[in-house]
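Letters go in sequence order (proteins before strands), and every chain restarts at 1.
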Amino acid sequence: MSYNFKEIEKKWQNKWEKEGTFNAKNDYTMKKWYGLIEFPYPSGQGLHVGHPRSYTALDIIARKRRLEGYNVLYPIGFDAFGLPAENYAIKTNIHPRVVTAQNIEHFRQQLKSIGFSFDWSREINTTEPDYYKWSQWIFIQLFKNGLAYKATMPINYCTGCKVGLANEEVVNGVCERCGSPVVQKEKSQWMLKITDYAEKLLKDLDDVNYLEKIKIQQRNWIGRSEGAQVKFKIANSDEELEVYTTRPDTMFGATYMVVAPEHPIISKLQNKITNMDEIEKYKEETAKKSDFERTEIEKDKTGVEIKGIKAINPANGKEIPIWISDYVLITYGTGAIMAVPAHDERDFAFATKFGLPIIQVITNKENSVSVEKEAYVSKEDGYVINSDFLNGLSVKEAIDKMIKFLEDKKIGTKKVNYKLRDWVFSRQRYWGEPIPMVHCEKCGWVPLDEKDLPLVLPEVEEFKPGENGESPLAALNEWIKTTCPHCGGPAERETDTMPQWAGSSWYFLRYIDPHNNKEFASKEALNYWLPVDWYNGGMEHTTLHLLYSRFWHKFLYDIGEVPTKEPYAKRTSHGMILGGNGEKMSKSKGNVVNPDDIVEEFGADTFRTYEMFLGPFDQATPWSMESLRGCSKFLDRVWNLQTILVDGDSYSPDFDKMMNKAIKKISQDFEDMKFNTAVATLMTMLNEFYRLKRINKAEFSTFLILLNPIAPHISEELYSIIGNSKTIAESSWPTYDEAKTIDDEIELPIQINGKLKGTVIIVKDSEEDVVKQLVHDKISNLIDGKNIVKEIYVKNKIYNIVVK
RNA sequence: GCAGAUGUGGCGAAACUGGCAGACGCACAGGACUUAAAAUCCUGCGGACUAACCCUCCGUGCCGGUUCGAUUCCGGCCAUCUGCACCA
């Protein structure tokens with residue numbers, strides 16, 4: 001018999017909403033637990049089945065924590081600024097605010113229908129002035145502390161639409177919408193100096209409980225390296241070219257230099273350069289490529305020699321040519337490299353293509369290295385040759401000696417470098433937080449007075465970005481004209497807006513005290529709730545959102561605004577849910593599953609159970625309608641346990657053991673996010689109840705509490721039906737007796753030569769001679785007359801006999 | 001190219017710290033109930049061998065190694081997925 005999930009789920013959801021069952025308490029004497037999921041971007045498509053995977057997982061932990069007596073904060077909100085709403089506005093001229101409000105309403109209703117235990121009283125929305133006031137406030141603090149600055153950075157510029165584009169909108173070098181070529185266009189933009197925090201962001205990873213793969217990804221992204229920064233003189237000139245290298249030991253093998261096409265040395269020395277035409281042409285071609293293309297495509301190296309100037313290798317004083325090539329990026333290091341083709345793969349490819357000299361300076365112990373066909377890049381067991389005063393040293397020794405040489409001569413220093421780049425914070429867009437800065441002729445860039453926040457996003461007629469890649473706000477002359485907060489003279493507002501990352505970089509702080517209009521959150525509340533105890537989200541956010549929000553938080557810590565160094569004590573990650581065909585769900589593939597349909601047909605509890613059962617939580621798994629029905633059947637069987645409900649005590653000690661083991665297993669599985677095996681354990685329990693055709697009230701109640709975090713509605717309903725006066729939400733998490741989880745008899749496997757030949761029942765912790773006798777009796781027919789070489793007994797695990 | 005991950009039945013998967021490979025579920029097959037179907041319940045279900053059962057052998061992407069014993073550890077390959085900023 002099926003149960004009426006529609007009625008039951010509605011009933012409990014209404015009760016929870018009416019009573020505020022899951023709202024966090026303002027009792028700061030209680031032990032607390034703060035669980036966080038990545039708040040959704042309210043897209044027009046509505047909730048994806050991927051969202052509930054993460055939300056159900058932490059909902060399970062949140063519900064368990066409440067039953068364990070914690071004051072739980074499990075909040076929800078909407079990250080509602082963003083491109084899709086703006087692009088929709090451009091098409092339809094409907095204000096993004098209107099569309100966003102509709103989408104949020106839809107999301108809210110969808111989320112509520114799944115029965116998450118969110119504290120809805122703390123819902124936030126990044127597009128509300130009350131919220132982004134504080135995003136702007138934090139930006140001003142960053143500016144005041146020298147961490148926000150203006151710099152000229154390229155944007156993607158569509159030559160057809162004449163607007164700036166996000167990376168996402170550039171597909172294969174052309175505009176996604178009109179197909180016109182996209183070029184890089186220089187633009188003055190706000191930058192945030194995340195690189196100042198590189199060392200802290202790296203080091204403090206040691207103190208947080210993130211999945212190891214997340215730490216590794218962040219470390220690689222920050223990309224700390226040690227090396228040397230070295231000045232190369234330009235022959236017959238006062239100019240110098242500075243390079244960064246991690247291999248100063250190979251400097252005698254540097255046979256040429258390469259600078260990024262955008263490098264300022266070119267314009268500085270243009271009078272000496274004899275092939276400016278050729279260089280300009282190459283620069284133009286480079287501008288057509290996004291960074292993405294320059295780095296992604298496995299292509300032949302291209303480049304142009306800068307004729308008329310030469311550099312001097314400071315190691316040996318030899319003149320070497322200077323080239324430009326797009327494989328050198330202006331944004332990393334100094335934008336220039338010394339090329340050592342014998343010991344760097346890219347340099348090797350470049351030198352081979354353009355016939356540049358290759359000088360080997362590193363060999364191995366056996367001196368069997370050849371750099372005829374490929375570069376020798378190993379740093380281990382390398383020894384220096386052909387390098388004057390470095391000859392015979394190991395790579396490590398040579399690095400130190402060369403750095404000392406450079407420092408003595410004052411032409412170079414030891415230098416730590418990071419791959420991490422500063423954060424481009426300007427967007428030439430409408431639907432974002434206005435940047436609260438004005439430009440005054442006299443005072444330069446000045447932040448708004450904090451009492452004048454929020455700087456409200458003004459109304460516009462036209463959402464289309466302006467020509468030349470300006471923001472739509474650039475057309476609002478009246479709005480732009482303002483007075484300088486510093487000197488009172490005429491000034492102009494910044495017209496770019498913040499990126500979507502801004503609102504999400506600190507939202508977890510606002511949840512803590514969402515209605516505070518004096519501060520982003522009170523000190524008292526921050527002290528109590530921080531840090532976030534557990535944050536679950538997608539791996540795709542590891543290097544951007546996760547790092548950005550750590551950066552903002554660390555900054556706020558340094559200026560005394562938050563009490564913890566790190567925002568998140570623990571970070572875990574969920575795998576993607578794929579379509580039934582094993583491919584990523586997408587409209588074009590027609591394999592999208594809509595959560596609403598599942599909830600409508602099978603109910604929220606089945607949906608939640610299936611999302612947790614479908615596979616290991618951290619791995620990508622395909623959706624299967626058949627398996628979903630299996631979960632529906634499971635809940636029907638749970639409902640029908642009522643038919644075998646009996647009075648009386650536990651059935652047997654063994655049965656009691658099964659219950660204790662299950663409590664232990666499920667409790668631990670939840671903590672380890674092994675939800676699939678937790679569900680499997682519940683199914684096994686259920687099978688056992690039916691096998692014995694009995695369950696008493698105490699057992700049923702325990703079973704329902706264990707099931708409750710996964711399937712909260714049906715479990716509450718049954719809990720009440722079987723006569724409990726309190727609800728599960730008012731009860732506590734079951735405990736188990738460790739002694740009752742241990743078997744006193746063990747079925748010991750017997751192997752001969754590592755192959756299973758049988759089993760024997762032994763008393764737990766039996767001594768070897770006792771077991772030996774039992775084993776020999778059991779398999780005497782297999783070992784009689786055989787030459788026993790060795791016998792291995794691993795207590796309570798295995799007995800293995802080696803025969804010849 | 002770099003980085004991270006993954007690879008186990010027809011399918012999703014499980015397996016503690018190196019110790020009985022395949023728990024749980026789906027699909028499938030047979031049976032019960034039913035006038036019949038659906039639903040439900042019961043039984044079986046890695047492969048080879050076998051009429052069938054037992055036995056035996058093979059089996060965790062491939063090749064090798066360590067070990068009494070390897071899905072698990074080590075080396076080398078192959079394939080797939082994800083991310084990327086050619087990171088000097």
Working to the nearest 0.5 angstrom, can you tell me the gap between A/Ile411 CD1 and A/Glu242 CD?
11.0 Å
Looking at A/Lys633, does any N or O in its side chain come under 4.0 Å of the phosphate oxygens OP1/OP2 on B/rC26?
yes
Base-pairing mate for B/rG75 - Watson-Crick or G-U, with both contacts under 3.5 Å
B/rC63
Which nucleotide, if any, forms a Watson-Crick or G-U wobble pair with B/rC16, using both distances under 3.5 Å?
none
B/rA38 pairs with, by Watson-Crick or G-U criteria that keep both distances under 3.5 Å:
none
So, do A/Leu748 and A/Tyr793 sit near enough that their side-chain heavy atoms are less than 4.5 Å apart?
yes
Respond yes when some side-chain nitrogen or oxygen of A/Lys415 is under 4.0 Å from OP1 or OP2 of B/rA88, and no when none is.
no
What's the gap between B/rC41 and B/rU34 when it is taken at their C1' atoms, as a whole Å value?
13 Å
Determine the Euclidean distance between corresponding C1' atoms of B/rC62 and B/rC11; express it in Å to zero decimal places.
23 Å
Can you check the A/Leu686 CG to B/rG25 C1' distance for me, whole Å?
13 Å
Complementary nucleotide for B/rU56 - Watson-Crick or wobble, under 3.5 Å:
B/rA48
For B/rG30, measure the glycosidic angle (O4'-C1'-N9-C4 for a purine, O4'-C1'-N1-C2 for a pyrimidine) and name it syn if it falls within 90° of 0, otherwise anti.
anti
So A/Ser624, base contact, sugar-phosphate only, or nothing? Heavy-atom distance under 4.0 Å.
nothing
Are OP1 or OP2 of B/rC68 and a side-chain N or O of A/Lys790 less than 4.0 angstrom apart?
yes
Choose from B/rA21, B/rA88, B/rG12 the nucleotide whose nearest atom is closest to any side-chain atom of A/Thr621.
B/rG12
Can you check the distance between B/rG7 and B/rC57, where both ends of the measurement are the P atom (answer in whole Å)?
29 Å
A/Ile792 has its side chain closest, among B/rG19, B/rC41, B/rC68, to B/rC68
Below 4.5 Å, heavy atoms only, C-beta onward: do A/Ile762 and A/Asn796 meet side chain to side chain?
yes
Per the atom types in the model, does the base of B/rG83 pair as donor or acceptor with the side chain of A/Gln217 at under 3.5 Å?
no
Categorize A/Glu540 for me: base, sugar-phosphate, or nothing, with a 4.0 angstrom heavy-atom threshold over every strand shown.
nothing
Report which part of the nucleic acid A/Asn417 touches: base, sugar-phosphate, or nothing (heavy-atom distance under 4.0 Å, all strands).
nothing
From the options B/rG12, B/rA88, B/rA14, select the nucleotide whose nearest atom is closest to the side chain of A/Pro616.
B/rA14
Measure CG/A/Leu756 against P/B/rC58 and give the value in whole Å, please.
13 Å
Between A/Phe602 and A/Tyr610, does the ring centroid distance fall short of 6.0 Å?
no
Per atom distances to the A/Ala680 side chain, the nearest of B/rA23, B/rC20, B/rC41 is B/rA23
Under 4.0 Å, heavy atoms only, any strand: does A/Asn687 hit a base, just the sugar-phosphate, or nothing?
sugar-phosphate
What's A/Gln751 touching, base or sugar-phosphate or nothing? Going by heavy atoms closer than 4.0 Å.
base
Check whether any side-chain nitrogen or oxygen of A/Asn220 sits under 4.0 Å from OP1 or OP2 of B/rC2, and answer yes or no.
no
What is the distance, to the nearest angstrom, from the CD atom on A/Glu262 to the C1' atom on B/rA85?
13 Å
Nearest whole angstrom, please: distance from the P of B/rG12 to the CD1 of A/Ile577.
15 Å
Taking a pair to mean Watson-Crick or G-U wobble geometry with both distances below 3.5 Å, B/rC81 pairs with B/rG4
Would you indicate what A/Tyr418 reaches in the nucleic acid, counting non-hydrogen atoms under 4.0 angstrom: base, sugar-phosphate, or nothing?
nothing
Side chain of A/Trp221: nearest nucleotide among B/rG12, B/rC84, B/rC26?
B/rC84
With distance as the sole criterion, do the side chain of A/Lys419 and the base of B/rC2 form a donor-acceptor contact below 3.5 Å?
no
About how many Å separate OG1 of A/Thr681 and CD of A/Gln668, when rounded to the nearest 0.5 Å?
12.0 Å
If you check every side-chain atom of A/Arg421, which of B/rA85, B/rC41, B/rA14 has the closest atom?
B/rA85
Using the C1' atom as the reference point in each nucleotide, state the distance between B/rC63 and B/rC87 in Å, no decimals.
35 Å
Determine the contact category for A/Lys665: base if any of its heavy atoms lies under 4.0 Å from a base atom, sugar-phosphate if only primed atoms, P, OP1 or OP2 are that close, otherwise nothing.
nothing
Which is true for A/Phe634 with a 4.0 Å heavy-atom rule: it touches a base, it touches only sugar-phosphate, or it touches nothing?
nothing
Determine which nucleotide pairs with B/rG69, using a 3.5 Å limit on both distances of a Watson-Crick or G-U wobble pair.
none
As its Watson-Crick or G-U partner within any shown strand, both distances under 3.5 Å, B/rC26 has B/rG10
Ranking B/rG19, B/rC24, B/rA88 by distance to the side chain of A/Lys797, first place goes to B/rG19
May I ask you to say what A/Ile222 touches in the nucleic acid, namely base, sugar-phosphate or nothing, with a heavy-atom cut-off under 4.0 Å?
nothing
For the P atoms, the ones on B/rG65 and on B/rA14, what distance do you get once it is rounded to whole angstrom?
30 Å
Counting the atoms with a prime plus P, OP1 and OP2 as sugar-phosphate, which does A/Val802 contact under 4.0 Å by heavy atoms, base, sugar-phosphate, or nothing?
sugar-phosphate
With A/Asn536, which of A/His574, A/Glu38, A/Arg571, A/Arg53 fulfils side-chain hydrogen bond (donor to acceptor under 3.5 Å, both in side chains)?
A/His574
Tell me if the centroids of the rings in A/Phe354 and A/Tyr256 come within less than 6.0 Å of each other.
no
Using the side-chain heavy atoms of A/Ile337, tell me which of these nucleotides is nearest: B/rC24, B/rA27, B/rA88.
B/rA88
Check: A/Ile710 and A/Ile60 side chains under 4.5 Å, non-hydrogen atoms:
yes
Atom CD1 of A/Ile710 to atom C1' of B/rC24: distance rounded to whole Å?
13 Å
If the C1' atom of B/rG19 is compared with that of B/rC24, how far apart are they to the nearest Å?
23 Å
Are any of A/Arg219's side-chain N or O atoms less than 4.0 Å away from OP1 or OP2 of B/rG4?
no
Separation of B/rC16 C1' from A/Lys664 NZ (nearest whole Å):
10 Å
Can you tell if the side chain of A/Thr245 reaches within under 4.5 Å of the side chain of A/Ile337, non-hydrogen atoms only?
no
Considering heavy-atom distances to RNA chain B, does A/Ser627 or A/Ile798 have its closest nucleotide positioned more toward the 5' end?
A/Ile798
Which is true for A/Gly630 with a 4.0 Å heavy-atom rule: it touches a base, it touches only sugar-phosphate, or it touches nothing?
sugar-phosphate
Given the C1' atoms of B/rU71 and B/rG46, what is the spacing between them in whole Å?
15 Å
Sorted by position of nearest nucleotide on RNA chain B, 5' first, the leading residue of A/Thr681 and A/Pro622 is A/Pro622
A/Trp623 versus A/Glu611: any side-chain heavy-atom pair under 4.5 Å?
yes
Could you state the CG-C1' distance from A/Asp743 to B/rC16, rounded to the nearest angstrom?
14 Å
Distance between the P atoms of B/rC49 and B/rG64, in whole angstroms?
25 Å
